[in-house]
Amino acid sequence: MQEWRTEQGPVMASPAWAALSAHHAEIGGRTIRELFGAEPGRPTRMSLDAAGIHADLSKHRATDETLRLLVSLAEERGLPARIDAMFSGARINTTENRSVLHTALRIPRGESLVVDGVDVVAEVHAVLDRMEAFCDRVRGDEWLGSTGKPIRAVVNIGIGGSDLGPVMAYRALRHQSRRDIDFRFVSNVDGTDIVEATQDLDPAETLFIVSSKTFTTQETMTNAFTARGWLLSGLGPDADVSKHFVAVSTNAGEVEKFGIDTANMFGFWEWVGGRYSMDSAIGLSLMLAIGADAYRDLLAGFHAVDEHFRHTDLDRNLPVLMGLLGVWYRDFFGAQTHAVLPYEQYLERFPAYLQQLTMESNGKRVTIDGDPVGVDTGAIWWGEPGTNGQHSFYQLLHQGTTLVPSDFILFAQPVNGVGDHHDKLISNVLAQAHVLAFGRTADEVRADGVADDLVEHKVMPGNRPSTTLMLDRLSPYALGSLVALYEHLVLAQGVVWGVNPFDQWGVELGKVMAGQLLPALTADELPDLSHFDPSTAALALRYRSLRGR
Ligand SMILES: O=P(O)(O)OC[C@H]1O[C@](O)(CO)[C@@H](O)[C@@H]1O
């Protein structure tokens with residue numbers, strides 16, 4: 001086992017932090033207009049390319065010196081050493097004593113990475129091969145349901161990382177998915193989710209994938225039991241459910257207990273965090289949808305960005321620079337949120353996916369050593385596909401009082417080239433980034449002939465920063481590269497802040513309390529609620545009474 005230790009100390013004690021504070025006092029008030037005016041070569045100098053992603057970082061409230069100081073901060077915080085430690089399998093997730101090796105999920109076949117005496121690359125490819133063989137059988141109508149019918153509906157049951165990645169990626173790539181198989185995703189313990197997902201399906205043609213790293217998650221297990229009941233009520237009590245259920249998990253014991261043959265289980269490893277797992281066997285539904293070759297292209301996209309992140313100097317390293325700019329706005333400008341605005345309808349769930357990735361990772365108040373962080377950490381991430389957002393919340397982005405750094409994502413080639421839709425789409429995204437950055441002054445508004453009493457209403461303050469990411473076409477490779485970009489951005493930010501981006505202790509207490517409340521809501525006898533606060537106890541009693549208990 002490779003031991004890994006950190007004694008980083010607070011980020012504010014870092015000399016680069018003090019230098020950044022002084023630098024912010026000096027240039028924080030300069031506008032993007034002024035920066036462009038002073039530096040004609042800015043767009044070229046501040047753009048870079050990584051694994052097919054072209055990134056324009058010029059519309060930021062940052063100079064070369066800002067980037068230099070941010071990179072110094074990352075160096076002082078030990079980012080290069082942490083990157084090496086992660087890729088080599090050291091147990092950098094110290095609060096759970098685990099390696100962090102999602103990058104091993106996409107190392108090409110034939111290479112090797114030995115961790116604790118095991119070649120994890122060989123294990124990864126053995127699972128990928130099993131997944132491929134299974135997917136070929138289902139897609140080739142060789143895997144038959146218990147009545148002999150081929151599979152025409154696949155329902156992934158999972159939540160958090162066992163849902164958001166699969167559903168995001170399926171929606172992103174459904175243009176190259178099998179259209180004769182219905183793909184559905186059930187996550188919420190709210191019964192509506194599973195009822196709506198199954199009510200028009202034929203159980204004889206339905207395959208459930210129960211996806212859960214732990215196989216103990218309340219929502220997933222509740223939905224899995226309900227799915228089994230639905231199947232048996234449709235096919236009769238003697239139906240062979242093994243033809244309709246497979247599992248993706250690290251927990252073979254619980255999979256067996258549920259009644260799924262472990263021959264139909266696809267494993268992964270404790271060194272894959274839930275929110276970093278979409279390219280593990282958790283992606284089985286996606287492989288069923290797009291096929292194994294396309295799935296391997298997705299892995300290649302991930303790997304290309306891994307290589308970039310691992311081997312590129314910090315000052316040309318895209319995930320590092322984007323992560324550092326996020327720290328710059330969060331801690332020196334007080335930006336509380338970060339928007340992701342994909343101008344690609346197929347990426348409709350990408351912002352939701354990034355919410356778990358970023359906020360479960362860096363929504364932390366203490367450092368990896370357990371001390372208060374002392375500065376603001378992870379921003380609130382959110383977003384919607386363009387152009388819908390323009391007719392909704394962009395008013396606030398343009399003229400509100402809150403600074404919202406934004407990422408615009410666009411693709412040069414349309415997936416669906418209908419008429420002039422795509423050119424119009426792209427004109428919109430470029431226009432939005434332009435207006436956010438450069439705005440419109442009162443003089444310019446007046447020069448347009450606007451009446452005096454409306455001038456201030458029409459002034460666009462501008463100076464609102466954004467990154468533009470332009471890719472060629474939304475392909476599995478491109479999607480993999482984008483996800484890896486944000487995975488590594490999260491690590492860069494976490495290391496600077498000194499938090500552990502790989503644990504999620506903050507979600508545990510709510511689960512425990514729900515477990516304690518459940519019997520209080522359902523027991524025949526009025527339970528003792530005195531250990532809950534009076535508000536919660538009163539609401540529980542009201543619920544019982546409204547349910548006639
Ligand atoms: O895959 P599992 O074990 O069901 O967990 C689902 C999700 O629950 C969480 O632990 C949070 O509750 C996530 O980190 C994880 O992705």
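Computed from heavy atoms alone, side chains included, the values below leave out hydrogens, waters and symmetry copies. Counting convention: from 1, in listed order, for ligands and their atoms alike.
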Ligand 1 to Thr220 polar contact by distance, N or O atoms, under 3.5 Å: no

N/O separation below 3.5 Å, Ser211 to ligand 1: no

Look at [atom] and say which protein heavy atom is nearest, naming residue and atom and giving the distance to 0.1 Å.
| atom | answer |
| --- | --- |
| atom 8 (O) of ligand 1 | Lys511 NZ, 4.3 Å |
| atom 14 (O) of ligand 1 | Glu360 OE1, 2.8 Å |
| atom 7 (C) of ligand 1 | Ile159 O, 3.7 Å |
| atom 3 (O) of ligand 1 | Thr214 OG1, 2.6 Å |

Whether Arg179 side chain and Arg174 backbone form a donor-acceptor pair below 3.5 Å: yes

Main-chain N/O of Leu357 paired to Ser361 side chain as donor or acceptor, under 3.5 Å: yes

Heavy atom of Glu219, distance to ligand 1 below 4.0 Å: no

Any Glu508 heavy atom less than 4.0 Å to ligand 1: no

Region of Val507 that comes within reach of ligand 1 [heavy atoms, distance under 4.0 Å]: side chain

Where Pro476 and Leu173 come nearest, the two heavy atoms and their spacing: N-CD2, 3.7 Å

Atoms in ligand 1 flagged as close to Thr217, the criterion being non-hydrogen separation under 4.0 Å: 2 (P), 3 (O), 4 (O), 5 (O)

Atom indices of ligand 1, in the order listed, that fall short of 4.0 Å to a heavy atom of Gly161: 15 (C), 16 (O)

Pair Tyr353 + Tyr486: ring centers closer than 6.0 Å: no

Check this for me, if you would: do [X] and [Y] make a salt bridge, where the nitrogen-to-carboxylate-oxygen distance has to be below 4.0 angstrom?
| X | Y | answer |
| --- | --- | --- |
| Arg365 | Asp371 | no |
| Lys243 | Asp261 | no |
| Glu384 | Arg349 | no |

More than 12 heavy atoms from other groups under 6.0 Å of CG on Asp200: yes

